[in-house]
Amino acid sequence: MGDDLRGQVGRKSPHTNTREPIIQEPELFEPEATRRSAGVTESSRANRGWWDRNADDYQNEHGTFLGDDRFVWCPEGLDEVEAELLGPVEDLKGKDILEIGAGAAQCSRWLAAQGARPVALDLSHRQLQHALRIGGNVPLVEADAGALPFADGSFDLVCSAYGAMPFVADPVLVLRDVRRVLRPGGRFVFSVTHPVRWAFPDEPGPEGLSVSGSYFDRTPYVEQDDDGDAVYVEHHRTIGDRVRDVVAGGFRLIDLVEPEWPAWNTSEWGGWSPLRGNLIPGTAIFVCERD
């Protein structure tokens, strides 16, 4: 699962795990956070670099929660084995499935265990190195979600758990390419931060419960270096925007899932927490099908 935390991705939190520590080069500068426009190329370049630099911290910090071979849709902990958003688990056997923004391929590894034939794609070379570190026989592909290196009609299903969609400047471009590689009747399911969260500070405590900005402000969140070059970019779309994007991409929206915070989940993940999760939605999952 990727992340979508307006600059908080992979930052330190009370979450701990027992994995071996991974050596990582420290950040050499403190980026400036701002809101400004950022196009397709700048967003892709910035986020590739950001994930390459921060993949170690991300996997070290969240690896235990994600597991090596679980399919977790979101920080709330919604698991595909229960949600069946891709369809009944028993029907996954023999299906060709593409995971976009796969990170260390945890979801793909779970799909393979169900008898599916997954391919794990990520923009970040370092994230895919973590997939190799964990192991398994899932094919790994380093590529941009807006230019999928696959033939038309290659897959039965495509999925993305917080991968790619929050970070791309042109989501319709991605949706159309996903539709191209899907077979007729194929399904694309993707999760993102719930758009309403953009009106609130990205804080897990009480300070994160008061509106601090306009829900309708689509200006991207950008972290930039001293030269003004973006080093991290995240794009906000309203719920209505997301629905229109899905339709413009050639899909039918068949479900929109807003996971509730479960009682068992006592962890914090960036701005996600039991306090906020019991009051406002944190994740939106779009279940889409092509004709």
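If you're wondering where the values come from, they're calculated on a predicted model, not measured in any experiment.
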**Q.** Main-chain N/O of Leu182 paired to Arg290 side chain as donor or acceptor, under 3.5 Å
**A.** yes

Q | Contact list for residues 132-157, test ring pair (Phe, Tyr, Trp, His ring centres under 6.0 Å), sequence neighbours left out | A | Phe150-Phe155

Q. Is there a side-chain contact between Trp110 and Val72, using heavy atoms and a 4.5 Å cut-off?
A. no

Q) Leu256 versus Arg242: any side-chain heavy-atom pair under 4.5 Å? A) no

Q) Can you check whether Trp51 reaches Arg126 side chain to side chain, under 4.5 Å on heavy atoms? A) no

Q: Give a yes or no on whether the backbone of Asp229 and the side-chain of Asp227 come within a donor-acceptor separation of less than 3.5 Å.
A: no

(Q) Please check: side-chain N/O of Asn47 versus main-chain N/O of Val233, any donor-acceptor pairing under 3.5 Å? (A) yes

**Q.** Step-by-step ring-ring contact (aromatic ring centres under 6.0 Å, His included) determination, Trp198 to Phe200
**A.** CA-CA 5 Å; Trp198 279 74; Phe200 295 83; over 10 Å; no

Q. Is any side-chain heavy atom of Pro75 less than 4.5 Å from a side-chain heavy atom of Asn265?
A. no

Q) Do you see a donor-acceptor pair shorter than 3.5 Å between the side chains of Gln224 and Arg36? A) yes

Q. Can you check whether Ser108's main-chain N or O pairs, donor with acceptor, with Glu99's side chain at less than 3.5 Å?
A. yes

Q | Donor-acceptor under 3.5 Å (Arg117 side chain, Gly94 main chain) | A | yes

Q) Counting only heavy atoms not in Asp226, do more than 12 fall under 6.0 Å of its CG? A) no

Q. Charged N to carboxylate O below 4.0 Å: is that the case for Asp68 and Arg109?
A. no

Q: Calculate, to the nearest 0.5 Å, the distance between atoms CG and CD1 belonging to Asp69 and Ile134 respectively.
A: 9.0 Å

Q) Of all residues at least two apart in sequence or in a different chain, which pass the ring pair (Phe, Tyr, Trp, His ring centres under 6.0 Å) check with Phe216? A) none

Q) Are the side chains of Leu173 and Val168 in touch, meaning some heavy atoms are under 4.5 Å apart? A) no

Q. Under a 4.0 Å N-O cut-off, is there an ion pair linking Arg252 with Asp291?
A. yes

Q: Enter the distance from Trp50:CH2 to Glu223:CD here, rounded to the nearest 0.5 Å.
A: 7.5 Å

Q. Do you know the tightest heavy-atom contact between Phe167 and Ser43?
A. O-CB, 3.8 Å

Q) Do Asp245 side-chain atoms and Val172 backbone N/O form a donor-acceptor pair below 3.5 Å? A) no

Q. Would the number of heavy atoms belonging to other residues, nucleotides or ligands and lying under 6.0 Å from CG of Asn278 be above 12?
A. yes

(Q) Does Glu142 form a side chain to side chain donor-acceptor pair (under 3.5 Å) with Gln127? I'd like the steps, not just the answer. (A) CA-CA 9 Å; Glu142 182 180 341; Gln127 284 280 53; over 6 Å; no

